[in-house]
Each structure stands twice: as structure tokens, then as C-alpha cells.
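First the structure, in the form of C-alpha cells, and then the observations on it.
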2 protein chains.
Amino acid sequence: MARAGLTAERVTQAAADLADEIGFQHMTVSALARGFGVKPAALYSHVKDAQDVKVRVASLALTELADRAAAALAGRAGKDALVAFANVYRDYAKEHPGRYAATQMELDPETAAADAARRNAELTRALLRGYELQEPDQTDAVRMLGGLFHGYVTLEKAGGFRHTPREVDASWSRTLDALDSLLRNWPPA
Amino acid sequence: MARAGLTAERVTQAAADLADEIGFQHMTVSALARGFGVKPAALYSHVKDAQDVKVRVASLALTELADRAAAALAGRAGKDALVAFANVYRDYAKEHPGRYAATQMELDPETAAADAARRNAELTRALLRGYELQEPDQTDAVRMLGGLFHGYVTLEKAGGFRHTPREVDASWSRTLDALDSLLRNWPPA
DNA sequence: CTAGTAAACTTAAAACCTGTAAGCAAATAG
DNA sequence: CTATTTGCTTACAGGTTTTAAGTTTACTAG
């Protein structure tokens, strides 16, 4: 029988794609093996276990997100940057629901995945250069933005906004208006 | 053999407690059965399947959250109400991580669980009575608050803020200051 | 070119979880 | 006190995870 040519990278890619298709929760080692036309045990030479696959997908997703965010931020500042940055997260979550779900995993701080998460936080901090925030306000704002983007996108995806007729896109746009306004008028301690 | 006295309610309670102990993901029908000193099959007379148990836990959690939020809102207005309300969600997530994780499930809109989710949104709207927001700004603000609370709490719990020395409590407090300021100065369309 | 070895994959198997169906025992009703 | 419903067990079919051992494929070196 011809070999499938498995590597940790190809398994991770396939896992990410499969998660986008059928949901991160339903992405199993067995399903992955089926996709490669291979027995489940074959994957364990390339990947430690099921948890390892999930962490790798999380790392991949966080890296892709940081890459897109960095590109969006290039040459932009102020509200323009804020909107572009925020839309990267929202669009990514819609385009890659499985990958995005992976980013919600608890990652222990030693891993490459945690590094990728840190890179995203750094980019949020870079975004704030367009606003005149000093420490510790800057850190507070980074956390607020991170939480807001993540939470809004998650609730929207989970259908939490479906019960009100108002267009979700309009609310999103106005939320970004409000955020811009807030960052330009951050209350003093 | 003496009977265990199972009911859907007791199973749901046990499931919620078990989820808080070992994590929502690891809460299985088998583990529940062990807790009751009963064979797994016994549970299927009281509960449709594993998914059903999870949805029931989500519903329970959302109801408990709404109850606490309603109590926190009673007799308070403005920033006082905002802080109390926000802390309900943050404290609940810390106290009941498994239950809180359950609230992140995708709920189809027909169920009792979705009703409980709606009740939470209504309470957020009630909170905004202390600020002078007209529609559609009110709906936009409800969505923003829901997303922010949920996202902040989720990221904090997932360890997303651990890499910066700044106290998470301090950032939370300042985030609420900022939100109060924003709601009092909501930008015009 | 061929023998040896390392890597890739399969087979086999244990342990666990989900869910259905059939059977037995305990509570309840007439 | 019998009859029936209800609650739980047994039995089982099917699926996933993971380890260990065996086989085949591909590479490496003499």
C-alpha cells in the first residue's frame, strides 16, 4: 500500500480544515485518520495524542489571526486601524469557525500556542498607539478590547443576538464607533 | 437493590456540580452514573441523551445567572447597577466554571435554555435604564455589554491575561469605569 | 546492487463512552 | 393480594483513544 505521507503539519492542517467543516468538538483522531485513508494508530507517530492535535490547531489559528491582524494594522492608525483590526477577528471567526473555537482552549503558558496568543495581545497594544493612553490604562484597554472582540464574536456566532431584530452588522459598526470614542476619551483614574 | 431515586432534575444538578468539579467537557453520562451508584443506561429513562444533559445544565446556569443578576439590579441604578451586574457574571464564572462553560453552547431558539438566555439579555436592557439611551443605541449597547462581560471573563479564565503583570482585578475595575463613562457619553450616529 | 536499518503504517487489543433493547425487581394501584 | 407500571440491570452493538507489536516500505551504505 502506498504511504499517506503524514507529518505533524499535514495532520494539523487537516485537523483545522475538518474542525471548520464539522465543528471543533467533533474533530476526532478517528475522523482525521479516515480523511487520510489511514488507520487511527498511524497518527500517533506524528502527534502525541488528541489533546496535542487540538493545541496545534489552536496555535495555527492564533498564528493565522496574528498574521492577518498585523497585515490589517500596516499603514493604518486611529479608528481606521481599530475597525480593520476588529474585523479581522470577526471575519476570521465566520470564515473559520472550527479554528476560531480552538482559540478558546486553555493553553498552558509554556507552549508555542501561548506565544501566538501573546503576539495577538502585542498587536492590540500596537493598535492603541494611535490613541494616547499611558500605562496602566493601556494594559486595561488591551484587555477590554480583547474581551470585547472575543465576546461579541462568540455571542454572535452562538446565536445570542438572534432574538432582537436589529441588524448585527449595524450593532457591530456602532460598537466600534463607541469604542473609538471611548479610547479618545478614556476616563482618568 | 434500593433505588437511586433519579429524576431529570437531580441528574441535571449532579451534572452541573460534576462539570464544576472536573470541567464541562469531561462531564459524561458514565461519570454521572458512577456518582449515583447506578449503571449508565439507567440515566436514559430520565434524560434523552448526553446532549440533552448538557443543554439542561446550560439552562440551569443561565437561569441561576439571571436570578443573581436580577437580585443585583434590585434597588440599584447607574454605575452602581453596572458594577453589581458585571460582577455577577464574573463571580459566577469563577465560582461555577463548569456551569459557566455550559452557557457557551449553541442553543437552538426553541428551547427553555434559549428563554433563559433571553432573560439575561432583558436584564442587561433593564440595567441600561439608568443611562439615557434610545433605540437602536440601546440594543447596540446591550450587545456590546453582553460581549464584553462574556469575553473578558472567558479570556481571564482561560489565562489570556496572565502574561502581563498588571492586576486583573484592577483592569476589570477600570474597564467598568470606562464603560460607565461610555454609556453616559454614547456617541451620536 | 544488495543488505541493513529506520521510518511509516497495520493489526491487535484493552479501556472507556454512547445508546438501545430486553429482562427483572420494586413500588403502586385496584 | 394480584396486576401493572416504573426503575434499574444486563447484554450488547458501535464508536473513540491509545499502546504495543508486527509488517512493509523506503532509504542508506558498503
Side-chain angles (χ1 to χ4, degrees), chain A residues 1-60 98-99 101-102 105-108 111 113, chain B residues 1-60 98-99 101-102 105-108 111 113:
Chain A
M1 254 181 232
R3 294 195 179 175
L6 300 181
T7 65
E9 287 67 33
R10 287 194 62 201
V11 170
T12 304
Q13 276 287 341
D17 293 344
L18 184 61
D20 284 338
E21 259 186 61
I22 65 174
F24 186 63
Q25 310 298 335
H26 303 113
M27 188 269 290
T28 67
V29 174
S30 293
L32 274 176
R34 275 192 293 276
F36 281 110
V38 129
K39 304 294 167 190
L43 299 189
Y44 288 85
S45 314
H46 305 278
V47 142
K48 188 175 166 292
D49 53 21
Q51 178 67 8
D52 184 32
V53 178
K54 288 181 183 170
V55 172
R56 281 170 189 272
V57 172
S59 187
L60 172 70
R99 282 168 159 89
M105 290 186 56
E106 304 198 20
L107 304 166
D108 65 316
T111 64
Chain B
M1 257 179 229
R3 296 192 177 178
L6 301 180
T7 65
E9 286 67 34
R10 288 193 60 202
V11 170
T12 304
Q13 275 287 340
D17 293 344
L18 185 60
D20 283 339
E21 260 186 59
I22 65 174
F24 187 62
Q25 309 299 335
H26 303 113
M27 188 270 289
T28 66
V29 174
S30 292
L32 275 176
R34 274 192 295 276
F36 281 109
V38 131
K39 304 295 167 189
L43 299 189
Y44 290 88
S45 314
H46 305 277
V47 142
K48 189 174 167 291
D49 53 20
Q51 178 67 9
D52 184 31
V53 178
K54 289 181 181 170
V55 171
R56 281 170 189 271
V57 172
S59 187
L60 173 69
R99 282 168 160 89
M105 291 186 55
E106 304 198 19
L107 304 165
D108 65 316
T111 65

With a 4.5 Å limit on heavy-atom distance, are the side chains of A:M27 and A:E21 in contact? no
So which protein N/O to nucleotides 19-22 of chain C N/O distances come out below 3.5 Å?
residue	atom	partner	partner atom	Å
C:dG19	OP2	B:Y44	OH	3.2
C:dG19	OP2	B:A50	N	2.8

For [X] and [N], what is the distance between atoms [atom1] and [atom2] respectively, to the nearest whole Å?
X: B:L32; N: C:dC16; atom1: CG; atom2: P; result: 17 Å
X: B:F36; N: D:dG7; atom1: CZ; atom2: P; result: 14 Å
X: A:R34; N: C:dC9; atom1: CZ; atom2: C1'; result: 18 Å
X: A:K39; N: D:dT18; atom1: NZ; atom2: P; result: 18 Å
X: A:R10; N: C:dC9; atom1: CZ; atom2: C1'; result: 14 Å
X: B:K54; N: C:dC17; atom1: NZ; atom2: P; result: 13 Å

Test side chain to side chain contact (heavy atoms under 4.5 Å, CB included), reference B:V47, set B:L32, B:D52, B:V55, output is B:D52
Before you tell me yes or no, could you show the steps for B:Q25 and A:M105 under side chain to side chain contact (heavy atoms under 4.5 Å, CB included), namely the whole-Å CA-CA distance, both residues' side-chain angles and the distance that decides it to 0.1 Å? CA-CA 11 Å; B:Q25 309 299 335; A:M105 290 186 56; over 6 Å; no
Identify the two heavy atoms, one from A:Y44 and one from A:D49, that lie closest to each other, and give their separation to 0.1 Å. CE2-CA, 3.9 Å
So how far is it from A:K39 NZ to A:S30 OG, rounded to the nearest 0.5 Å? 10.5 Å
Taking only N and O in the side chain of [X], is any of them less than 4.0 Å away from OP1 or OP2 of [N]?
X: B:H46; N: D:dT6; result: no
X: B:S30; N: C:dT18; result: yes
X: B:H26; N: C:dC17; result: no

Base, sugar-phosphate or nothing for A:A4? Non-hydrogen atoms, less than 4.0 Å. sugar-phosphate
Of the listed nucleotides (D:dT16, C:dC9, C:dC17), which one gets closest to any side-chain atom of A:L6? C:dC9
Report the nucleotide, chosen from D:dG7, C:dC9, C:dT18, that has the shortest atom-to-atom distance to any side-chain atom of B:R3. D:dG7
Donor-acceptor pairs under 3.5 angstrom involving side-chain atoms of residues 4-13 of chain A: please list them, not counting sequence neighbours.
residue	atom	partner	partner atom	Å
A:T7	OG1	A:E9	N	3.4
A:T7	OG1	A:R10	N	3.0
A:R10	NH1	A:A4	O	3.0
A:R10	NH1	A:G5	O	2.8
A:T12	OG1	A:A8	O	2.7

Determine, stepwise, if the pair B:V53 / B:K48 fulfils side chain to side chain contact (heavy atoms under 4.5 Å, CB included). CA-CA 8 Å; B:V53 178; B:K48 189 174 167 291; over 6 Å; no
